[in-house]
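Atoms within a ligand are numbered from 1 in the order they appear, just like the ligands themselves.
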Amino acid sequence: MADQPLALVTGASRGIGAATARALAPTHRLLLGGRDEQALAGLARELPDARPWPVDLTDPAALASAAAECAELHVLVHSAGVARLGRVEDSPAESWRHNLEVNVVAVAELTRLLLPALRAAHGHVVLINSGQGLAAREGWGPYAASKFAVRAFADALRAEEEPHGVRVTSVYPGRTDTEMQQAVVAGEGGEYTPEKYLRPESVAAAVHAAVSASPDAHLTEVTIRPRPNR
Ligand SMILES: NC(=O)c1ccc[n+]([C@@H]2O[C@H](COP(=O)([O-])OP(=O)(O)OC[C@H]3O[C@@H](n4cnc5c(N)ncnc54)[C@H](OP(=O)(O)O)[C@@H]3O)[C@@H](O)[C@H]2O)c1
């Protein structure tokens, strides 16, 4: 419906981003970000008012042209991300660059391009960070460094944009049952036990709670851990 607020969710082709799009769909018009056009088209067909927004976030020209179509944006959820893990001794520059390019530079650039649209709507930026953005473990350096960086980005953005009426929320999920986690566990040589992880829908519910907070409230940071023995 044309009078509903507009939300752009990156990484909506699967995982936490797809769950977030589903959670916002009853109350928002949606732009579904990602590169997998088939997955985006499939999700768009399921939802009442959603359309694919297929962009490679590391392509600055494509990003600028796609962002130019938004004159007013109420919600921007950054869920797209990559996780190249490794011990420092095994991590070449390319691994650091790739994590930083997708998880930080693309997030900063897309936000910058959309700031006029977000200010126009007194909008909300939600960043899907990670427990690794709060405390780095051995073997996670390149990914954790990118998540620490995007936490700093969120804090600076909040300080700068609060006077313009824009809210900024960092969400820090623990291990969540998605393709990213499957790849992480395979890399660790562990057993994949989805029942021990968060469901993507649980992270999406936290995003929904932040976005639907009453106008006097600003949920700045939300940490979510899997709950053992549930
Ligand atoms: N899963 C976990 O345990 C966990 C825990 C804490 C935090 N997180 C964070 O949560 C977010 C979502 O993770 P997830 O588990 O849902 O991952 P996922 O299932 O691997 O999905 C990643 C998403 O990012 C998109 N993406 C990656 N590179 C892109 C690029 N260059 N351009 C455009 N889109 C790109 C992918 O879309 P396409 O392939 O279609 O491009 C996909 O939709 C990430 O920021 C991750 O760091 C995950």
Asks: For ligand 1, which atoms, with element, lie under 4.0 Å from some heavy atom of Val55?
Replies: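 Those atoms are 32 (N), 33 (C).
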
Asks: As an exercise, identify every atom of ligand 1 less than 4.0 angstrom from a heavy atom of Ser130.
Replies: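 Under 4.0 Å from Ser130, ligand 1 has these atoms: 6 (C), 7 (C).
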
Asks: Go through ligand 1 atom by atom and flag the ones less than 4.0 Å from a non-hydrogen atom of Ile16.
Replies: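 Within the 4.0 Å cut-off of Ile16, ligand 1 contributes 10 (O), 16 (O), 48 (C).
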
Asks: Taking all atoms of both residues into account, what is the closest heavy-atom pair of Val211 and Val75, and its distance?
Replies: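 Nearest pair, atom of Val211 first, then Val75: CG1-CG2, 3.7 Å.
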
Asks: Specify the protein heavy atom at minimum distance from atom 32 (N) of ligand 1: its residue, its atom name, and the distance to 0.1 Å.
Replies: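 Result: Leu57 N, 3.0 Å.
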
Asks: Only one of His124, Arg158, His122 passes side-chain contact (heavy atoms from CB on, under 4.5 Å) with Arg167; say which it is.
Replies: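 Exactly one option meets the side-chain contact (heavy atoms from CB on, under 4.5 Å) with Arg167, and it is His124.
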
Asks: Measure the spacing between OG of Ser214 and CG of Leu219 and express it to the nearest 0.5 Å.
Replies: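 Here the rounded value is 9.0 Å.
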
Asks: Run the numbers for me: atoms of ligand 1, each under 4.0 Å from some heavy atom of Asn129, listed by number.
Replies: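 Near Asn129, meaning under 4.0 Å from one of its heavy atoms, ligand 1 has 6 (C), 7 (C), 8 (N), 9 (C).
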
Asks: Between Lys147 and ligand 1, find which residue part has any heavy-atom pair under 4.0 Å and reply side chain, backbone, both or neither.
Replies: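 Side chain only; the backbone of Lys147 stays clear of ligand 1.
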
Asks: Give a yes or no answer on whether the side chain of Thr10 reaches the backbone of Ser79 with a donor-acceptor pair at less than 3.5 Å.
Replies: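 Between the backbone of Ser79 and the side chain of Thr10 there is a qualifying donor-acceptor contact (under 3.5 Å).
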
Asks: Kindly confirm or rule out an N or O of Gly17 lying under 3.5 angstrom from an N or O of ligand 1.
Replies: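 By distance alone, the answer is no.
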
Asks: Between Thr178 and Gly15, what is the shortest heavy-atom contact and its length?
Replies: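 Here Thr178 and Gly15 meet closest at CG2-CA, 3.8 Å.
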
Asks: Indicate yes or no: does Glu221 engage Arg151 in a salt bridge with an N to O separation below 4.0 Å.
Replies: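 Salt bridge absent between Glu221 and Arg151.
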
Asks: Identify the protein heavy atom lying closest to atom 31 (N) of ligand 1, giving its residue, its atom name and the separation to 0.1 Å.
Replies: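 Of the protein heavy atoms, Asp56 OD1, 3.1 Å lies nearest.
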
Asks: Does some side-chain heavy atom of Leu127 sit less than 4.5 Å from a side-chain heavy atom of Phe153?
Replies: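 A side-chain contact exists here, since the closest heavy-atom pair is under 4.5 Å.
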
Asks: Which residue pairs pass the salt bridge (charged side-chain N to carboxylate O under 4.0 Å, His left out) test when at least one of the two sits in residues 89-104, sequence neighbours left out?
Replies: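 Listed once each, the pairs are Arg84-Glu94, Arg87-Glu89.
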
Asks: Given Asp177 and Tyr192, is the side-chain hydrogen bond (donor to acceptor under 3.5 Å, both in side chains) satisfied, shown in steps?
Replies: CA-CA 9 Å; Asp177 176 21; Tyr192 197 76; 2.6 Å; yes

Asks: Just going by heavy-atom distances, which of Met180, Arg35, Glu179 is nearest to atom 13 (O) of ligand 1?
Replies: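 Nearest heavy atom to atom 13 (O) of ligand 1 lies in Met180.
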
Asks: For atom 5 (C) of ligand 1, find the nearest protein heavy atom and state the residue, atom name and distance (0.1 Å precision).
Replies: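 The closest heavy atom on the protein side is Gly174 O, 3.2 Å.
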
Asks: Name the closest protein heavy atom to atom 10 (O) of ligand 1, giving the residue it belongs to and the distance to 0.1 Å.
Replies: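 I find the closest protein heavy atom is Ile128 CG2, 3.2 Å.
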
Asks: Would you say Val107 and Val105 make side-chain contact, with heavy atoms under 4.5 Å?
Replies: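 Not in contact.
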
Asks: Is a donor on one side and an acceptor on the other found under 3.5 Å between the side chain of Thr27 and the backbone of Leu24?
Replies: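 Here the side-chain-to-backbone pair exists.
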
Asks: Out of Gln38, Glu101, Arg14, indicate the one that has the non-hydrogen atom closest to atom 20 (O) of ligand 1.
Replies: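 Going through Gln38, Glu101, Arg14 one by one, Arg14 has the nearest heavy atom to atom 20 (O) of ligand 1.
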
Asks: Quick one: does Leu40 get a heavy atom under 4.0 Å from ligand 1?
Replies: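 Outside the 4.0 Å threshold, so no.
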
Asks: Check Leu198 against ligand 1 and report side chain, backbone, both or neither, counting heavy atoms closer than 4.0 Å.
Replies: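 Answer for Leu198: neither.
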
Asks: Using a strict 4.0 Å cut-off to heavy atoms of Tyr143, name the atoms of ligand 1 that fall inside it.
Replies: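 It comes down to these atoms of ligand 1: 7 (C), 8 (N), 9 (C), 46 (C), 47 (O).
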
Asks: Between Glu37 and Arg51, is there a side-chain N and carboxylate O pair less than 4.0 Å apart?
Replies: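 Salt bridge: no.
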
Asks: Among Gly81, Ala80, Pro173, Ser13, which one has a heavy atom closest to atom 42 (C) of ligand 1?
Replies: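 The option holding the nearest heavy atom is Ser13.
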
Asks: Considering only protein heavy atoms, which is closest to atom 2 (C) of ligand 1, and at what distance to one decimal place?
Replies: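 Among all protein heavy atoms, the one nearest atom 2 (C) of ligand 1 is Thr176 N, 3.5 Å.
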
Asks: Would you name the heavy atoms of His218 and Val168 that are closest together and state the gap between them?
Replies: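 Answer, listing the atom of His218 first, then Val168: NE2-N, 2.9 Å.
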
Asks: For atom 14 (P) of ligand 1, what's the nearest protein heavy-atom neighbour? Residue, atom name and distance, please.
Replies: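 The answer is Thr178 OG1, 3.7 Å.
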
Asks: If you measure every N or O of Gly11 against every N or O of ligand 1, does any of those distances drop under 3.5 Å?
Replies: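 Yes; the residue has a nitrogen or oxygen that sits under 3.5 Å from a nitrogen or oxygen of the ligand.
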
Asks: Just jot down the ligand 1 atoms closer than 4.0 angstrom to any heavy atom of Gly15, in number order.
Replies: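 Listed by number with element, the hits are 16 (O), 19 (O).
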
Asks: Would one find an N or O of Thr58, backbone or side chain, under 3.5 Å from an N or O of ligand 1?
Replies: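 In this structure, Thr58 places no N or O atom under 3.5 Å from an N or O of ligand 1.
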
Asks: Is the shortest side-chain heavy-atom distance between Leu57 and Leu63 below 4.5 Å?
Replies: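 Side-chain contact under 4.5 Å: yes.
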
Asks: Using a heavy-atom cut-off of under 4.0 Å, does the side chain or the backbone of Tyr172 touch ligand 1, or both, or neither?
Replies: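 Looking at Tyr172 and ligand 1, no heavy atom falls under 4.0 Å.
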
Asks: Using a 4.0 Å cut-off to any heavy atom of Arg175, which atoms of ligand 1 qualify?
Replies: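 Heavy-atom distances to Arg175 below 4.0 Å select 3 (O).
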
Asks: If you have a sec, work out which protein heavy atom is nearest atom 11 (C) of ligand 1 and how many Å separate them, to one decimal?
Replies: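 Result for atom 11 (C) of ligand 1: Ser79 O, 2.9 Å.
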
